[in-house]
Amino acid sequence: MMPAARDSLLDAAYTALARRPWSAVRMVDVAAAAGVSRQTLYNEFGSKEGLARALVRREADGYLVGVERALTAHGDARERLTATAEWTASTARENALVRAMLTGCWSERLPSPTLSAVPSSSAVPAQRRADGPLPSPGDFVALVRDRAVTVLSGPGVAKSDSADLARSCELAVRIALSCVAAPPGEGGVTDLVRTALHRQPV
């Protein structure tokens, strides 16, 4: 199946999920919304669980692409970490699947695909399956922190400075996650991260 057709199926599943709980989303409706047969949908994802895993993985990938964008934007390290925290908080606010992945709180409305790897008995080609383990909230913190350290450290950074940078990166991500769980008042995530990073060596 063409990537565009696969995306249209995932878009249809995402739209259906916005309107009703995952338990009420029917494969036949997702297929119809994407303009393909139900058999095509099953051929692509294997099962409703397979569709759920692929959908969650796509949303996770989209979040991480945004992190990359924030980290490679203009500005100093503090500004880039602040932008990363803002992206994390705003994406989680707007996307229930990203929020669930970052917090580990899967409401009954959402699919809750198993986080561990699934046995590869499916006939779906390996590159299209989402059989690998899905990231846990702790995995996301580590992924974003490690990527931030790589992007922001540059060549010739001393080991001690790198450890300080890792702490600052993790702090920014964890503040963003706390803002997802308990939204802050005026000034929001930006003020919190800037204040915290002002006290940190970045």
Side-chain angles (χ1 to χ4, degrees), residues 1-72 84 86-147 173 176-177 180-181:
M1 180 176 252
M2 299 297 293
R6 182 180 171 82
D7 269 340
S8 69
L9 283 167
L10 292 171
D11 289 342
Y14 187 86
T15 301
L17 178 59
R19 295 183 180 141
R20 62 185 76 92
W22 184 250
S23 58
V25 171
R26 298 183 325 152
M27 295 290 271
V28 65
D29 296 334
V30 171
V36 301
S37 71
R38 191 173 63 161
Q39 189 56 51
T40 300
L41 178 59
Y42 277 103
N43 289 348
E44 185 66 18
F45 299 105
S47 64
K48 190 175 176 184
E49 164 80 0
L51 175 63
R53 289 178 68 81
L55 181 60
V56 169
R57 189 164 289 287
R58 183 181 76 162
E59 300 310 305
D61 289 345
Y63 163 68
L64 292 170
V65 165
V67 165
E68 189 74 20
R69 234 185 352 255
L71 287 172
T72 53
T84 302
E86 288 168 342
W87 165 254
T88 297
S90 67
T91 306
R93 212 172 22 248
E94 293 160 12
N95 187 319
L97 288 173
V98 171
R99 185 166 57 248
M101 281 183 279
L102 292 175
T103 61
C105 300
W106 294 83
S107 81
E108 289 176 10
R109 282 191 54 82
L110 300 175
S112 50
T114 45
L115 291 177
S116 54
V118 247
S120 299
S121 56
S122 164
V124 178
Q127 73 274 15
R128 297 210 310 254
R129 279 198 312 262
D131 287 347
L134 294 167
S136 69
D139 293 336
F140 273 110
V141 171
L143 277 168
V144 175
R145 178 201 62 215
D146 294 349
R147 189 68 197 118
V173 177
L177 292 186
V180 169

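Note that the numbering runs from 1 along the sequence shown for the chain.
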Can you name the closest pair of heavy atoms from [X] and [Y] and give their distance?
{"X": "Ala89", "Y": "Val180", "result": "CA-CG2, 3.9 Å"}
{"X": "Leu102", "Y": "Pro137", "result": "O-CB, 3.3 Å"}
{"X": "Phe45", "Y": "Ala54", "result": "CE2-CB, 3.5 Å"}
{"X": "Leu110", "Y": "Trp22", "result": "C-CB, 3.7 Å"}
{"X": "Ala12", "Y": "Val30", "result": "CB-O, 3.6 Å"}

Rounded to the nearest 0.5 Å, how far does [atom2] of [Y] lie from [atom1] of [X]?
{"X": "Gln39", "Y": "Met27", "atom1": "CD", "atom2": "CE", "answer": "10.0 Å"}
{"X": "Glu86", "Y": "Thr84", "atom1": "CD", "atom2": "OG1", "answer": "9.0 Å"}
{"X": "Trp106", "Y": "Met101", "atom1": "CH2", "atom2": "CE", "answer": "5.5 Å"}
{"X": "Tyr14", "Y": "Arg19", "atom1": "OH", "atom2": "CZ", "answer": "12.5 Å"}
{"X": "Leu97", "Y": "Arg109", "atom1": "CG", "atom2": "CZ", "answer": "10.5 Å"}
{"X": "Leu51", "Y": "Leu10", "atom1": "CG", "atom2": "CG", "answer": "6.5 Å"}

Show the numbers, then the answer: is there a salt bridge (Lys or Arg N to Asp or Glu O under 4.0 Å) between Arg58 and Asp11?
CA-CA 10 Å; Arg58 183 181 76 162; Asp11 289 342; 2.8 Å; yes

Sorted by first residue and then second, give each salt bridge (charged side-chain N to carboxylate O under 4.0 Å, His left out) pair with at least one member in residues 87-108; sequence neighbours left out.
none

Applying salt bridge (charged side-chain N to carboxylate O under 4.0 Å, His left out), which residue pairs with at least one partner in residues 20-43 are found, sequence neighbours left out?
Arg26-Asp29

Under 3.5 Å donor-acceptor, Asp139 side chain and Ser136 backbone
yes

Parallel, tilted or perpendicular: which one describes the rings of Trp87 and Tyr63, with boundaries at 30° and 60°?
parallel

Tell me, please, which residues at least two apart from Ser47 pass side-chain hydrogen bond (donor to acceptor under 3.5 Å, both in side chains).
none

Under 4.5 Å between any side-chain heavy atoms of [X] and [Y], yes or no?
{"X": "Phe140", "Y": "Leu177", "value": "no"}
{"X": "Pro111", "Y": "Val25", "value": "no"}
{"X": "Val144", "Y": "Thr88", "value": "no"}

